[in-house]
Amino acid sequence: KAGVTQTPRYLIKTRGQQVTLSCSPISGHRSVSWYQQTPGQGLQFLFEYFSETQRNKGNFPGRFSGRQFSNSRSEMNVSTLELGDSALYLCASSFQGAFSYEQYFGPGTRLTVT
Amino acid sequence: GNSVTQMEGPVTLSEEAFLTINCTYTATGYPSLFWYVQYPGEGLQLLLKATKADDKGSNKGFEATYRKETTSFHLEKGSVQVSDSAVYFCALGLTKDYKLSFGAGTTVTVRA
């Protein structure tokens, strides 16, 4: 079974631009979560989707948004990029949710904002 | 709120040494507890989990016991190998919360 795939793997953007990251979950998984990983803040939860519905959202500004499609693929968008948005963005999928099921993580998208 | 505190790193060990990484949590309700591992350049992988008090999770020689009385979930391995070099994250998840709360991560380096 193919794992969680994230595209692109690396991205360099300029301050003020916007960016869209994509995540394809494991086949059959309906829950997709996004996390931001930085050296200073560690792993922080962005949002979680299940069957196209956002069930939870972390404490991030409105510049961070996401969505999930009917095939469970998910995208996250960051508008008006800031230098502090430079991070590894991780996507994870699971059959239901995190609390009692395994979360399978993708390799991440490394975003650098200059 | 819900949070996880884990032992600061980095930790450097010799091969075959004993490894322990402390993890304590604060949570409202009864969380499930997890240890994830991240190898260089990769995403996180679930190492082990425990869903209720006194459960012991184990995998690849690693073990952790869910201790409700001390709100702890310490990770242990009796004899580490070079291939165990990675960053280890303790995490908790609560029913209907739909997210994992992670500790800061502990970098472990095992030398031959």
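Chain A is the first sequence line, chain B the second, and so forth, proteins listed ahead of strands; every chain is numbered from 1. Computed over heavy atoms, backbone and side chain alike; hydrogens, waters and symmetry mates excluded.
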Problem - F45(A) vs F102(B) side-chain heavy atoms within contact, under 4.5 Å - result: no
Exercise for the section: Tell me, yes or no, whether the heavy-atom count around N59(A) atom CG, taken from other residues, nucleotides or ligands under 6.0 Å, exceeds 12. Expected result: no
Handout entry: R111(B), CZ: over 12 other non-hydrogen atoms inside 6.0 angstrom
Key = no
Handout entry: Other residues, nucleotides, ligands: >12 heavy atoms within 6.0 Å of Y39(B) OH
Key = yes
Handout entry: Within one Ile-Leu-Val-Met-Phe-Trp-Tyr cluster: Y49(A) and Y89(A), side-chain cutoff 4.5 Å
Key = yes
Practice task
Would you indicate whether the side-chain heavy atoms of Y98(B) and K57(A) approach each other to under 4.5 Å?
Solution key: no
Exercise for the section: Select one option (side chain, backbone, both, neither) describing which atoms of Q38(B) are under 4.5 Å from chain A's heavy atoms. Expected result: side chain
Problem - CD/E16(B): more than 12 non-hydrogen atoms of other groups inside 6.0 Å - result: no
Problem - Note, L100(B) side chain near L43(A) side chain (heavy atom, < 4.5 Å) - result: no
Practice task
Enter the distance from F105(A):CZ to E42(B):CD here, rounded to the nearest 0.5 Å.
Solution key: 13.5 Å
Practice task
Hey, could you give me the OH/CD distance between Y104(A) and Q45(B), rounded to the nearest 0.5 Å?
Solution key: 11.0 Å
Exercise for the section: Give a yes or no on this: more than 12 heavy atoms of other residues, nucleotides or ligands lie within 6.0 Å of atom CD of E8(B). Expected result: no
Problem - Heavy-atom neighbours of R9(A) CZ exceed 12 at 6.0 Å - result: yes
Completion exercise
Whatever's closer than 4.5 Å to a heavy atom in chain B on Q44(A) counts as neither
Problem - K49(B) side, atom NZ; Q103(A) side, atom CD - distance, nearest 0.5 Å - result: 11.0 Å
Handout entry: Among L46(B), L33(B), L44(B), residue most engaged with chain A (heavy-atom pairs, under 4.5 Å)
Key = L44(B)
Problem - Residue, of N56(A), V4(A), L88(A), L90(A), that accumulates the most heavy atom pairs under 4.5 Å with chain B - result: N56(A)
